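Since the structure comes first, as structure tokens, the remarks are kept for the end.
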Amino acid sequence: MPENLSTSPLRVLVAGESWIKHTIHMKGFDQFHSTEYEEGAGVFLDCVRAAGHELTYVRGHEISALFPKTAEALDAFDVVVISDVGSNSFLLPDETFLRSEKSPNKLGLVADYVGRGGGLVMIGGYLSFTGIDGKARYGMSPLAEALPVDLMPTDDRVEISDGLKVDVCDPAHPVLGGTPAEWPMLLGYNRTFPKEGATVVARTGDDPLLVVGEYGRGRSVAFTSDLAPHWAPPEFVEWEHYAALWTSILSWAAGGPRGQ
């Protein structure tokens with residue numbers, strides 16, 4: 001089966017994968033601060049663009065202002081990708097957090113969007129699924145119903161510093177687009193539990209790494225490891241099949257009624 005490089009352009013909305021670091025430098029008696037802004041999804045986003053898809057990227061700090069607030073705005077996209085940004089960024093927009101004003105529940109809108117036939121991909125990270133110290137909190141949000149996995153109530157990170165082996169247990173599944181069953185190592189993931197009716201395509205040990213399912217008329221994907229460092233080391237990000245794998249995942253997620 002050839003790798004799925006999809007000739008049909010998709011309208012892809014990506015949210016997350018950015019952060020700001022505020023560092024305290026201690027040098028003997030003295031100290032000073034520095035602040036840096038970083039983005040982690042560069043290679044992934046380049047792959048989406050190179051495949052000819054129409055990409056809209058909403059960085060973590062932009063979600064309050066720029067992430068769609070209506071069903072009509074979400075329906076402009078074939079697939080929504082959420083990666084390494086917690087549920088609070090969606091649930092506490094400026095108008096509610098700062099001014100106590102009523103505002104749309106963005107994660108409820110995404111769940112409804114999938115139910116109508118949209119595609120959803122959640123990618124793992126320290127602020128995905130349940131996340132570090134339980135701070136991502138998606139299991140307590142409306143989006144939990146649309147995901148193909150159930151989430152832990154506590155910190156769900158599994159750190160494998162010496163590298164984990166990926167077992168692609170359903171290599172013929174179309175979400176893989178014919179990419180090889182031998183993956184480079186990964187360094188960690190969020191522990192989740194596949195829902196009844198979902199399909200585990202790849203796992204490590206007893207834990208799923210790639211799970212796909214349906215919600216209403218749409219499709220959802222959980223990739224519980226990372227698309228970039230640190231859980232995705234250079235061996236994975238620079239893998240010759242990296243672009244084809246992600247293109248296939250996006251195409252499969254978007255393959256509900258609106259993508260057929």
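Numbers here simply count residues along the sequence, with the first being 1. It should be emphasised that the depicted structure is a prediction, and the values quoted were computed from it without experimental measurement.
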Table please: side-chain donor-acceptor pairs of residues 40-50 below 3.5 Å, with sequence neighbours left out.
{"from": "D46", "atom 1": "OD1", "to": "R49", "atom 2": "NH1", "distance (Å)": "3.3"}

Donor-acceptor pairs under 3.5 angstrom involving side-chain atoms of residues 130-138: please list them, not counting sequence neighbours.
{"from": "T130", "atom 1": "OG1", "to": "M152", "atom 2": "O", "distance (Å)": "2.5"}
{"from": "Y138", "atom 1": "OH", "to": "V85", "atom 2": "O", "distance (Å)": "2.5"}

Let me check something: any side-chain donor-acceptor pairs from residues 192-202 under 3.5 Å, sequence neighbours excluded? List them with distances.
{"from": "K195", "atom 1": "NZ", "to": "A144", "atom 2": "O", "distance (Å)": "2.7"}
{"from": "K195", "atom 1": "NZ", "to": "E145", "atom 2": "O", "distance (Å)": "3.2"}
{"from": "K195", "atom 1": "NZ", "to": "L147", "atom 2": "O", "distance (Å)": "2.8"}

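Contact of the R116 side chain with the D112 side chain is registered, since non-hydrogen atoms from C-beta on lie closer than 4.5 Å. Using a 4.5 Å cut-off on side-chain heavy atoms (C-beta onward), L187 and M185 make contact. Within the 4.5 Å cutoff, no side-chain heavy atoms of D75 are placed close to those of T70. Residues Y57 and S18 have side chains in contact (heavy-atom distance under 4.5 Å, counting atoms from C-beta outward). P68 places a side-chain heavy atom less than 4.5 Å from the side chain of L13. Between T96 and S103, some side-chain heavy-atom pair lies under the 4.5 Å cut-off. No side-chain heavy atom of L127 sits under 4.5 Å from any side-chain heavy atom of W19. With contacts defined as side-chain heavy-atom distances shorter than 4.5 Å, the pair V80/V121 does not qualify.
With sequence neighbours left out, Y189 forms a ring-ring contact (aromatic ring centres under 6.0 Å, His included) with no residue at all. The salt bridge (Lys or Arg N to Asp or Glu O under 4.0 Å) check on E62 picks up R59, with sequence neighbours excluded. Taking the side chain to side chain donor-acceptor pair (under 3.5 Å) definition, one finds that S83 meets it with E17, sequence neighbours left out. Not counting sequence neighbours, the partners of D156 by the side chain to side chain donor-acceptor pair (under 3.5 Å) test are N190. Taking T56 as the reference, nothing meets the side chain to side chain donor-acceptor pair (under 3.5 Å) condition, with sequence neighbours excluded. Qualifying salt bridge (Lys or Arg N to Asp or Glu O under 4.0 Å) partners for D94, counting only residues two or more places apart in sequence or in other chains: none. A search for salt bridge (Lys or Arg N to Asp or Glu O under 4.0 Å) contacts involving E159 returns R157, not counting sequence neighbours. Partners of E101 under the salt bridge (Lys or Arg N to Asp or Glu O under 4.0 Å) rule, at least two apart in sequence or in another chain, are R99.
Under the 4.5 angstrom side-chain criterion for Ile, Leu, Val, Met, Phe, Trp and Tyr, the cluster partners of L98 are L92, F97.
Aromatic rings from Y126 and W231 are positioned such that their centres are separated by under 6.0 Å. In summary, the aromatic rings of F223 and W246 are positioned with their centroids under 6.0 Å apart. Not less than 6.0 angstrom separates the ring centroid of H241 from the ring centroid of W183.
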message: Before you tell me yes or no, could you show the steps for H33 and T23 under side-chain hydrogen bond (donor to acceptor under 3.5 Å, both in side chains), namely the whole-Å CA-CA distance, both residues' side-chain angles and the distance that decides it to 0.1 Å?
response: CA-CA 6 Å; H33 298 186; T23 306; over 6 Å; no

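Shown are V168, V166, D167; of these, the side chain to side chain contact (heavy atoms under 4.5 Å, CB included) with L209 is made only by V166.
For E182, the CD atom sits in a loose shell: 12 or fewer heavy atoms of surrounding residues, nucleotides or ligands are nearer than 6.0 Å.
There is no path of hydrophobic side-chain contacts, each under 4.5 Å, that joins L91 to M140.
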